[in-house]
Each structure stands twice: as structure tokens, then as C-alpha cells.
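Protein chains get the first letters and strands the later ones, always in sequence-line order, with residue 1 at the start of each. The model shown is predicted, which means the values in this text are computed figures rather than measured ones.
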Number of protein chains: 2
Amino acid sequence: MTLPPHAGPGSDPGIGGAVAPGGSPLRSVPEASVVRLALYLRVLGELAEQGTETVSSDELAGASGVNPAKLRKDLSYIGSYGIRGVGYEVAPLLRHLEHSLGLTQRQAVALVGVGNLGHALAGYAGFAGNGFPVVALFDIDPDLVGVGINGILIDHVDELRRVCAERGVTIGMIATPGQAAQGVCDQLVACGVRCILNFAPAVLQVPDDVDVRKVDLAVELQVLAFHVARRHLAAAEGPLNVVAQAAAAAINGAGRRVTGGTS
Amino acid sequence: MTLPPHAGPGSDPGIGGAVAPGGSPLRSVPEASVVRLALYLRVLGELAEQGTETVSSDELAGASGVNPAKLRKDLSYIGSYGIRGVGYEVAPLLRHLEHSLGLTQRQAVALVGVGNLGHALAGYAGFAGNGFPVVALFDIDPDLVGVGINGILIDHVDELRRVCAERGVTIGMIATPGQAAQGVCDQLVACGVRCILNFAPAVLQVPDDVDVRKVDLAVELQVLAFHVARRHLAAAEGPLNVVAQAAAAAINGAGRRVTGGTS
DNA sequence: ACCTGTGAAGATTTTCACAGCA
DNA sequence: TGCTGTGAAAATCTTCACAGGT
């Protein structure tokens, strides 16, 4: 069985606009769009803080590093309604995005592996503040069990099943060494966790109905290294390229490009 | 850069963009493929450790969670030569991948922002071990300046330009708060850094010739939250789905149980 | 007999471009 | 006039399926 980074259970055709009880259309949203929606949400939050009340798709797209048409299409997936000739009202759009991303419901997060990286994740303020409280910590090291971080005590991995059930964990984060990751993943899945964020350098095999997203630091650096190398090759190879690049660089000295996401 | 009217954000498309105008290909490798190449490299490393000498595309693809045809196509971008009827020799393929990803040359990394997350990144063993030594640390907090982590002293951000030049930094990592990220990014670019890995919750604006990759923890969690919510909606809507999901869960509950280790 | 490398088909995502409304 | 929402075209990525080695 294969697990593309985001093998959603929704290989499901379901083109038809199935309608949920509430009446909102449950249309399939491309994974890439979901990622961008989360991005727009943050940018909108910043705009709201500044007191901005409306934005055009051009403005919001610019601030998000995205093509305006793409932004409008992304919003269309969640049935957003802007005002023609004006743009979008920041506050309502923000609420709409939160709702569409399922942020109205609090998601309890469990973190397995409180080593170097795990410790930082456990203490990361960005989580709790955004509706993702870390409610459980696990490690296999007896010296760590019982230690508290941000008011949460570390439990032994053997307690995973019980603790996750008790605390209603819906999202699992894995920050163990690579060899341990699959085992931990299996346990989380057995506990009913269906969404996993994996920081361990390992490819996780999971059932079809489980979503895994991966953050792989080594891979990120290697991808950048590839670009460094390619840049050297390109420069060494074509004088024409060098000229073109220099020209482009000069032109861009003033105007800037926007670069968005990854993962 | 080249022709495309718009340098797309997101997973920066025109990677091989440097297709020589009148010259040789310098074949462009799709960004998605580059990411997977890095993944194959890791899996191959594991195979090599186990003493495996050859793998078929099926096996390697399975272990990487990827479709075999896709794997072969990915490898074809870097002109890999397997042996028909047999597969790939692990060691040569591993070397080939390392070379193609530019890992033969050591990349010096600078990390800006030694807070909660930054501290963990500075101590992350996976970097140095993979040819990405962190050679410089920066922060704006006077209390941190002078502190050493893993033998590297933290410098003040004001020293960024000098230190990066002295130590030949080629890759920058940003782990500052969101508001500080753009400023830091500008400084890195001014120092000649052309590849940046951004952990800060901010969209960075950079010139065309700079590659940015982003790791955004809040976005990752929100994407997972979206899937949790969608799953609930789907379950509430389609009774057939519920049955199928329950069955899948049951089957997997009986699945292997592995006692995991943790750091 | 088996497995790679790849053209071509298929699927998905991005972008264009314009109708339609405020 | 200005900007959204969206059908359709373009670009990109994935998968199939098979020719061609070993």
C-alpha cells in the first residue's frame, strides 16, 4: 500500500456535491488548497490586527505569496462570498476559514518522543494559542517519565492507549528516532487517532483512513542543497544563463518575488 | 529567471527553470521529485546498513511509500541506470543520489533565532551527520549572545553579515518570531545566502534567485484539523462510510503492536 | 522470466480571461 | 469602474503499459 504524503481517504471520486446535514456543500478541496487556506487564515489574522476591514484578492494574494486567481479559486472551494467590486470583508472571511478548517472544534494533541526536538514542540506556544493544546506527552525514557513541561506530565509510552482515550486525543505528533516511529504510529492508530504529524525520519505505513503529514528536516535541507548545486551548474554551464540571471537579479532588486510554502 | 511570466510561489515550480535558452537541457527536475529523491536516499541508506546489495523499483518504492512507476521516473530525471531484469545496486545508486542532490559538497548552515524551536534545531543531530553542519548561530537577545551550543557560540544578529561571510554560509535557517523573519531574511540575502529554510510563521518576500522552503507547524496542524472535521462530516452523512471505517479500524486494531523506543 | 526506462494517457493543479454583479 | 467567481485552457504531475535490455 502506498502512502503519498497526503493519501487522503478521499481517493473517493465523489465529484457530486454531496451535502452535509447542516446544508454546507461538502466538496472535495484539493490538498494543496487546504494548505493555502491555512496560510490565508494567518495573513487575515494579521490584517485584522492592523484594523484592516476589507481586502481584495490581489492584496491578500500578494501578502500570501500566491497568484490572485488561485486564491479566488481556493476560496471558491469553501464557498466563500466576497463582494464584487470591493473584495472580502476580513472578519467574516476569517471566521469562515476557521470554520472550514475545522478550527471551531478544539483538537487535543498528543506528542510522542520528548527528546531534543520533541521538547521544543512541547513548549511551542503557537500550538495552544491556535486551538491545538498538547494534552499528553510520552517517552520511553524512565528518566523523563514524570517530568512536567508546561504543566503536562510525561507518561511512559506504555500508557499511550489509556491516556489518549482519557484525554480525547485526535491528533498525534511523533518526534521519536526513526526506528521507533512506526511502532508508535501503530499504537496511535490503534487508539483511534486518525491524523498524525510525523517529525521522525521514517516513512510511516498506515491504513487508508489515516492521514499522515510529514515534516522532514533532513529532506528539507537536502532539497535546498540540490538548489545550491543546480545554481552552480547553471552558472558554470551557460554564459547566456549567467547574463540572463544577472539581468533578472538586477530587475528584481527593486521588485520582489513572493515565496510560499512547502512540505 | 526565464520565460514563465510568473514565478510561482508554493512549491516553487520552475526548479530546473534554468533551461538554457539555446543551449543544453540541464534537465529540469520537478520539485516534487527532488523531495522524493531525498527520501529514496534515506531509505537506501537503511538498506545499505542492512547489507542489502540490490533493490527493485517495487521494493524501493514500497519502502518509500511511493508508486513504483513514479520512482523510476524520478530516478530517470537524474539519469540513473538500473539493471534491467535485476533492479538497482544499492551502493552506486546511493552515491549517485548524493551527488545529484549536491551532498558531495558540505553546506554550511546558519541559524537565526535561538529561542525554543531554534535551540532544538541547533542541537539537532540529524544535521551535522548529514553534511549540514550548523556553523553559526544568531539571536537578538543579549542574554543569549555568547552562549554556546554544541560548540558554537551565539552571535548577535548585527554580526550576521561578517560571520556568514567568514564561515562560508550557504544555507540559512530562520527560527525567529514571525515579525522578525522578513528582516532577517533580507539580511541573509544581502550576505549572499540563496537558500533559506523558514520556520517562522511568516511569508517571506525574496528575489527570484533565492529559494525558500517553509516549515509551518501551525499550518500542518490546521491541515490535519481540516481532515478531522471532514471525516466527521463524511461519517455523519454516509452510513455506508461509517460501516467501512469501523471495519477498517477493527482490522487495524488487531494489527501489529510494536514497542517503540524514544529519545 | 524479470525489471528498467519512457512515451503517452490520465488526473490534477494552476492560470487565463471574461461574464456578471456591486 | 473594479473586483469576484468560474469555465476553459495551459501547465504540471502521476500512472499506465509496454518496448527493450539482461
Side-chain angles (χ1 to χ4, degrees), chain A residues 1-8 10-15 17 25 27-37 40 54-62 64-90 92-93 96 258 260-261, chain B residues 2-17 19 25 27-37 40 53-62 64-90 92-93 96:
Chain A
M1 185 210 54
T2 58
L3 175 66
H6 38 268
S11 316
D12 194 26
I15 299 165
R27 196 131 37 92
S28 85
V29 184
E31 181 79 352
S33 291
V34 177
V35 174
R36 287 190 298 265
L37 289 174
Y40 306 150
T54 65
V55 265
S56 66
S57 63
D58 270 27
E59 292 164 340
L60 185 50
S64 307
V66 156
N67 175 302
K70 181 152 53 176
L71 179 140
R72 292 201 298 276
K73 181 136 291 192
D74 286 341
L75 291 181
S76 81
Y77 289 125
I78 57 171
S80 163
Y81 275 59
I83 307 161
R84 295 182 188 221
V86 178
Y88 303 87
E89 292 183 82
V90 172
L93 180 55
H96 187 191
V258 167
Chain B
T2 8
L3 315 162
H6 245 276
S11 312
D12 204 7
I15 283 329
V19 178
R27 202 167 349 160
S28 87
V29 184
E31 179 79 351
S33 292
V34 177
V35 173
R36 287 190 299 266
L37 288 174
Y40 307 149
E53 296 194 346
T54 64
V55 265
S56 65
S57 62
D58 270 28
E59 292 164 338
L60 185 50
S64 306
V66 156
N67 175 303
K70 180 152 52 176
L71 178 140
R72 293 200 297 275
K73 182 138 289 191
D74 286 342
L75 291 180
S76 81
Y77 289 126
I78 58 171
S80 163
Y81 275 59
I83 308 162
R84 297 185 185 216
V86 178
Y88 302 88
E89 291 184 82
V90 172
L93 181 54
H96 188 192

Item to check | Contact summary for V66(B) and R36(B), nearest pair of heavy atoms | outcome: CG2-CD, 3.9 Å
Checklist entry - Could you give the NE2-to-P distance, from H96(A) to dG5(D), as a whole number of Å? => result 11 Å
Item to check | Spacing of Y77(B) atom OH relative to dT12(D) atom C1', expressed in whole Å | outcome: 9 Å
Checklist entry - Looking at dA8(C), dT22(D), dG5(D), which one has an atom nearest to any side-chain atom of R84(A)? => result dG5(D)
Next on the checklist: Let me spell it out: for each of I83(B) and G82(A), pick the nucleotide of DNA chain D with the closest heavy atom. Which residue's pick is nearer the 5' end?
Outcome noted: G82(A)
Item to check | Between C1' of dA22(C) and CD of E89(A), the distance in whole Å | outcome: 13 Å
Checklist entry - Out of dA17(C), dC3(C), dG5(C), which nucleotide sits closest to the side chain of Y81(B)? => result dG5(C)
Checklist entry - With a non-hydrogen cut-off below 4.0 angstrom, is S80(B) in contact with a base, only sugar-phosphate, or nothing? => result sugar-phosphate
Checklist entry - Which atom pair, heavy atoms only, marks the closest approach of E89(B) to I83(B)? => result OE2-CD1, 3.8 Å
Item to check | Between dT13(C) (P) and L37(A) (CG): distance, integer Å | outcome: 13 Å
Item to check | Toward the 5' end of DNA chain C, by each residue's nearest nucleotide, S33(A) or S56(B) | outcome: S56(B)
Item to check | side chain to side chain donor-acceptor pair (under 3.5 Å) partner of D74(A), the single match among S80(A), S33(A), S64(A), S57(A) | outcome: S33(A)
Checklist outcome for this item: Closest non-hydrogen contact found for L71(A) with Y40(A) is CA-OH, 3.6 Å
Checklist entry - Which one, dT14(D), dG5(D), dC16(D), comes nearest to the side chain of R72(A)? => result dG5(D)
Next on the checklist: For a quick test of reading the model: is some side-chain N or O of Y88(A) closer than 4.0 Å to OP1 or OP2 of dG5(D)?
Outcome noted: yes
Item to check | Donor-acceptor pair, side chain of H96(B) and main chain of I78(B), under 3.5 angstrom | outcome: yes
Next on the checklist: Below the 4.0 Å mark, does dC16(C) have OP1 or OP2 next to a side-chain nitrogen or oxygen of N67(A)?
Outcome noted: yes
Checklist entry - Over how many whole Å does the gap from R36(B) atom CZ to dT12(D) atom C1' extend? => result 12 Å
Item to check | d(CG, D74(B); C1', dG5(C)) in whole Å | outcome: 13 Å
Checklist entry - What's the closest nucleotide to the K70(A) side chain, out of dC16(C), dT4(D), dT14(C)? => result dT14(C)
Item to check | S57(A) vs dT4(D): side-chain N/O to OP1/OP2 distance below 4.0 Å | outcome: yes
Checklist entry - Please give, in whole Å, the distance from dC3(C) P to E59(B) CD? => result 8 Å
Item to check | Most 5' of G85(B) and K73(A) on DNA chain D, judged by nearest nucleotide | outcome: K73(A)
Checklist entry - Quick one: L75(A) CG to dG5(D) C1', roughly how many Å, whole number? => result 10 Å
